[in-house]
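Only one structure is covered here, and it is reproduced in the block below.
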Amino acid sequence: MTESRGNNAAVVMDRYGKIDPKTLVEISKPYPKSFYERNTLNVAREILGSLLVREIDGEILAGFIVEGEAYIENEEGCHAYNGVTPRCEVMFGRGGMAYIYFVYGMYWCLNATTEKEGRAGAVLIRSVEPISGLDFMKRKRKKESPIELCSGPGKLTVSFALDNRLNGWDLSKQPFRILEPPRDIKPELKIKKTGRIGLKKAKHLEYRFCIDNSPYISHS
DNA sequence: ATGTAGATTGTCT
DNA sequence: GACAATCTACATT
């Protein structure tokens with residue numbers, strides 16, 4: 001299957017026409033806390049198409065969030081299910097912060113916290129369509145294909161050079177932010193809802209959202 | 001071309 | 001001891 005990238009409607013960047021990725025980052029702005037401090041499922045759905053942006057070593061790393069999963073304190077798959085622990089503490093704080101945890105002895109996973117202070121929730125950022133800083137990401141990932149850079153929660157943290165030093169970071173603040181592109185140029189995105197990936201618990205819940213047909217989402 | 005086994009380790013019960 | 005994502009190597013189509 002040879003895909004003509006330029007005409008692939010599933011690729012978010014192409015839907016913006018001729019705008020340059022760095023210009024798009026410049027004219028986008030952080031969400032207010034009120035965007036995050038509400039029902040986690042709504043945040044998980046609506047955060048798709050947002051920009052994940054990190055400035056590091058004079059480079060701008062950026063990409064569209066194309067896949068996310070909701071985690072809520074009243075459900076077994078959530079780290080906060082059994083209450084506060086040192087690891088999941090930031091999930092109980094304000095919405096709009098980075099919750100970054102370690103998995104499998106090798107990888108970090110990035111979440112954006114949701115719900116008001118005192119109630120734990122988060123959206124696991126599972127995949128990103130990279131649009132800027134691809135060379136930096138290729139070096140970090142030791143992979144050439146853009147598809148392989150951020151198509152999974154462990155992959156994207158390698159590409160964006162994220163680890164626990166950014167746990168608790170306010171995602172509206174430079175140099176690590178989630179931005180909303182201007183409404184008037186943001187394309188309508190077809191969103192698909194499915195079960196979550198990689199969990200043993202609470203598998204039946206359809207808490208995973210992704211941009212339909214995006215080649216940048218994680219597989220199986 | 002597709003499938004799967006094995007390795008890797010901190011966090012929480 | 002259960003739990004998590006990804007890569008590699010090897011086995012089977």
Side-chain angles (χ1 to χ4, degrees), chain A residues 1-3 40 44 47-48 52 54 61 63-93 97-115 118-130 133-169 176 178 192-211 213-220:
Chain A
M1 179 174 77
T2 51
E3 45 197 319
T40 304
I47 206 168
L48 299 186
L52 181 67
R54 161 111 142 125
L61 313 179
F64 295 105
I65 296 170
V66 294
E67 178 183 359
E69 282 177 352
Y71 287 85
I72 315 173
E73 66 178 23
N74 63 11
E75 146 274 304
E76 276 190 297
C78 183
H79 285 166
Y81 181 63
N82 291 307
V84 188
T85 65
R87 179 177 62 172
C88 71
E89 187 185 354
V90 305
M91 263 205 277
F92 287 86
M97 321 299 273
Y99 168 44
I100 300 179
Y101 63 85
F102 193 61
V103 277
Y104 286 111
M106 302 181 72
Y107 298 102
W108 299 95
C109 289
L110 168 68
N111 300 250
T113 63
T114 58
E115 309 283 346
R119 182 173 169 80
V123 175
L124 171 65
I125 311 300
R126 285 195 56 92
S127 296
V128 164
E129 171 188 327
L134 288 263
D135 290 339
F136 181 98
M137 297 178 184
K138 288 174 185 176
R139 262 180 272 131
K140 287 287 179 190
R141 284 272 298 139
K142 303 183 177 23
K143 297 272 179 190
E144 274 305 306
S145 165
I147 301 281
E148 280 302 316
L149 297 178
C150 305
S151 55
K155 297 178 185 178
L156 96 237
T157 53
V158 172
S159 279
F160 280 78
L162 301 172
D163 58 34
N164 61 337
R165 286 172 294 185
L166 283 164
N167 188 42
W169 187 263
F176 179 44
I178 290 177
K192 192 170 56 179
K193 182 171 82 160
T194 77
R196 295 180 294 195
I197 291 180
L199 300 191
K200 294 231 160 116
K201 299 176 200 156
K203 271 165 72 170
H204 56 290
L205 297 170
E206 296 216 315
Y207 281 9
R208 171 175 175 255
F209 299 87
C210 51
I211 293 182
N213 294 324
S214 171
Y216 293 97
I217 64 177
S218 64
H219 16 257
S220 125

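Hydrogens, waters and symmetry mates are skipped; everything else that's a heavy atom, side chains included, is used. Lettering follows sequence order; numbering is per chain, from 1.
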Task: Whichever of A:Lys201 and A:Pro153 has its nearest DNA chain C nucleotide further upstream toward 5' - done: A:Lys201
TODO: Provide, to the nearest angstrom, the distance between the CD atom belonging to A:Glu67 and the P atom belonging to C:dA5.
DONE: 11 Å
Open item on the list: Measure CZ/A:Arg126 against P/C:dA5 and give the value in whole Å, please.
Closed with: 6 Å
TODO: Mind checking A:Lys142 for me? I need base, sugar-phosphate or nothing, with any heavy atom below 4.0 Å counting as a touch.
DONE: nothing
TODO: Write down the atom of A:Ile178, the atom of A:Leu52, and the distance for their closest heavy-atom approach.
DONE: CG1-CD1, 3.9 Å
Open item on the list: Nearest to the A:Lys155 side chain among C:dT6, C:dA4, C:dA5, which nucleotide is it?
Closed with: C:dT6
Open item on the list: So if I take the C1' atoms of five pairs at each end of the helix from B:dA1-C:dT12 to B:dC12-C:dG1 and get each local axis, what angle do the two axes make, rounded to 10 degrees?
Closed with: 30°
Open item on the list: I'd like to know if A:Glu148 and A:Lys143 make a salt bridge, using a cut-off of under 4.0 Å between side-chain N and carboxylate O.
Closed with: no
Tabulate atom names and distances for all N/O pairs under 3.5 angstrom spanning the protein and nucleotides 8-11 of chain B.
| unit_1 | atom_1 | unit_2 | atom_2 | d |
| --- | --- | --- | --- | --- |
| B:dT8 | O2 | A:Tyr104 | O | 3.4 |
| B:dT9 | O2 | A:Gly105 | N | 3.4 |
| B:dT11 | O3' | A:Arg87 | NE | 3.3 |

Task: Shortest non-hydrogen contact between A:Ala80 and A:Ala120, atoms and distance - done: CB-CB, 3.5 Å
Open item on the list: My understanding is that only residues two or more places apart in sequence, or in another chain, count here; which of them pass salt bridge (charged side-chain N to carboxylate O under 4.0 Å, His left out) with A:Glu75?
Closed with: A:Arg196
Open item on the list: Could you tell me how far C:dT13 sits from B:dA5 if I compare only their P atoms? Round to whole Å.
Closed with: 13 Å
- [ ] Return yes if a side-chain donor-acceptor contact under 3.5 Å exists between A:Arg141 and A:Ser159, otherwise no.
- [x] no
Task: Side-chain N or O of A:Asn82 closer than 4.0 Å to phosphate OP1/OP2 of B:dT13 - done: yes
- [ ] May I have the distance from A:Arg208 (atom CZ) to C:dA5 (atom C1'), rounded to whole angstrom?
- [x] 14 Å
Task: Modelled atom types, side-chain donor and acceptor of A:Glu129 and A:Ser214, under 3.5 Å - done: no
Task: side-chain N/O A:Arg141 vs C:dT6 OP1/OP2, d < 4.0 Å - done: no
TODO: Establish, from distance only, whether the side-chain atoms of A:Glu206 and A:Thr194 form a donor-acceptor pair under 3.5 Å.
DONE: no
